[in-house]
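Shown next, in structure tokens, is the structure this report addresses.
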Amino acid sequence: MPSSLISTVTRHQDHMPGDLTGDAERLITLAEVLDRLPDPRRTRGRRYRLGALLVLCATAVMAGASTWAAIVRFAAGLDPVLRERIGLVRGIPRTSTLARLLARLDGDALDAALGAWLQLQHTDPLTGPVPADAPVKRDAVSVDGKTLRGSRTRERRAVHLLAASIHGTRAVIAQRQVDSKSNEITAFRPLLGPLDLADKVVTFDALLTQHDHARFLVEEKNAHYIALIKGNHPTLHAQLKKLPWSEVPLMDKTRAIAHGRDEIRRLKAATVPDLPFPHADQVLQIVRRRRVLSTGKLTVERIYALTDLTMHEATAAHLAEHVREHWGVEALHHLRDVTLREDASKIRTGSAPRIMAGLRNTALALAELAGWHNHAAAVDHYRSRPDHALDLIKPTT
């Protein structure tokens, strides 16, 4: 299990991004990446290495810990050999030690390091695009925001994060804290700027559907986009809605029965010239028909989107899958809120809410890389076998 992660990172020794390029031949484990983050503490009086404390926190979060006290209890219950392997050679840290450290830690540096490392796990520089006569489905990244509801205090609004995640995975490869949901627009470019998005598809919701964002992706990042259009763009939305959709043939249809719902999705795509949006080539109409199995309640929703991808660059099935996987980011949020108890978390000081969110993202991604599809079962497993969680963060081989 951990050996697959090691071999993947080893192949990326010449591709380590940003501040991780130094001494790249040694940076093959997440533990080493965490140990190289800037330490906010004064040198005098340090009792524990920064990397050891962050490895402890990451391992504990994989086992379901959601509070400082839970992390310390997790450390206290570890076998002494495991504590030594983590790097806790001078006993167990106090709850206040962890709280102070994570409140002062540089959230941008942590998210950049975690995102870069996780992106490497899902990229192999030894493989390239496979030539094909028909269009090949491109890799895609979704951009979406999330509010940490439990971080709200009387003096401060809840922490809001904007993140980019790889479609079809639980890997969050970039994350930034913004003042509020409305500030997602200004954070879009700084979030995606450091990422290699060449020939990838970026999907985003209506709030982020901005002319500047489309130009940035196509002209500066050599990427593609699928932008959802809703009521906050009334003129454009009305124009797309008035197109003669009844004359456009159905191009893709999928059906899924899950979570107590029977959902049918239909997609139509039409090439429309002179669209009032940068580089837009096709208009998509997605119709979602949902029926709740227990009550029989039926809802029908029509959604419109624009993309710069032409009919020769992506099939209708590819476009439908990109849109469906964009909505799949809500499943990631659900796991953080329910399984990892993010909504219930009362961690509120300084950078700590954001740091914990980054560790939860990492826990979900690592469990998926290890083959877990049910994260609740993964938490139960790592709670009883913390050595397996540590194998993913700090392998012995």
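- Between K137 and E325 there is a salt bridge, since a side-chain N of the basic residue sits under 4.0 Å from a carboxylate O of the acidic one.
- Atom CE in M356 sits 11.0 Å away from atom CG in L110 (nearest 0.5 Å).
- Here CG of D391 is found 10.0 Å from OG1 of T59. Values are rounded to the nearest 0.5 Å.
- Follow the hydrophobic side-chain contacts under 4.5 Å out from I347 and you never reach V159; the two are in separate clusters.
- For H167 and E321, the side-chain atoms include no donor-acceptor pair closer than 3.5 Å.
- Screening residues 180-204 for ring-ring contact (aromatic ring centres under 6.0 Å, His included) gives F188-F204, F188-H213 as the qualifying pairs, with residues at least two apart or on separate chains.
- The closest donor-acceptor contact from the side chain of E263 to the backbone of R288 lies at 3.5 Å or more, if one exists at all.
- Residues H233 and T209 bring no donor and acceptor atom of their side chains to less than 3.5 Å of each other.
- Counting non-hydrogen atoms of neighbouring residues, nucleotides and ligands closer than 6.0 angstrom, the CD atom of E219 exceeds 12 such neighbours.
- No donor-acceptor distance shorter than 3.5 angstrom exists from the side chain of S345 to the backbone of R341, with no hydrogens or angles considered.
- Within the 3.5 Å criterion, the main-chain N or O of A75 finds a donor-acceptor partner in the side chain of R83.
- A donor-acceptor pair under 3.5 Å is absent between the side-chain atoms of R348 and the main chain of P353, judged by distance alone.
- In this structure a side-chain-to-backbone donor-acceptor pair under 3.5 Å is missing from D205 to L207.
- In terms of modelled atom types and a separation under 3.5 Å, the side chain of D308 and the main chain of Y225 share a donor-acceptor contact.
- Hydrophobic clustering of Ile, Leu, Val, Met, Phe, Trp and Tyr side chains at less than 4.5 Å, counting indirect connections, keeps I286 apart from L240.
- Rounding to the nearest 0.5 angstrom, the gap separating the OG1 atom in T307 from the NE2 atom in H318 is 13.0 Å.
- Between atom CD1 of residue I71 and atom CG of residue L359 there is a gap of 7.5 Å, rounded to the nearest 0.5 Å.
- A single hydrophobic cluster is not seen to contain both L197 and L120; linkage of ILVMFWY side chains at heavy-atom distances under 4.5 Å, directly or through other members, places them apart.
- Considering V338, D337, T339 as possible partners of L335, the one that fulfils the side chain to side chain contact (heavy atoms under 4.5 Å, CB included) test is T339.
- In this structure a side-chain-to-backbone donor-acceptor pair under 3.5 Å is present from R85 to K394.
- With hydrogens and angles ignored, the 3.5 Å screen pairs a side-chain donor or acceptor of S351 with a backbone N or O of L105.
- What you find for H237 and K230 is that their closest heavy atoms are CB-O, 3.6 Å.
- Of the inter-residue distances, the one linking S165 atom OG with H333 atom NE2 reads 7.0 Å to the nearest 0.5 angstrom.
- No donor-acceptor pair under 3.5 Å is formed between the side chain of R336 and the backbone N or O of R360.
- Follow the hydrophobic side-chain contacts under 4.5 Å out from L319 and you never reach M251; the two are in separate clusters.
- The pair R176-D111 does not count as a salt bridge, with every side-chain nitrogen at least 4.0 angstrom from each carboxylate oxygen.
- The backbone N or O of R42 sits less than 3.5 Å from a side-chain atom of R46, completing a donor-acceptor pair.
- Clustering ILVMFWY residues whenever any of their side-chain heavy atoms sit less than 4.5 angstrom apart, transitively, puts L34 in the very cluster that holds I86.
- Considering E342, H160, Q175, E330 as possible partners of K146, the one that fulfils the side chain to side chain donor-acceptor pair (under 3.5 Å) test is E342.
- Using cut-offs of 30° and 60° on the angle between ring planes, the pair Y304 and W245 is tilted.
- Figure legend: cation-pi geometry between R265 and W327 absent, as NZ or CZ is not positioned both under 6.0 Å from the six-membered ring centre and within 45° of its axis.
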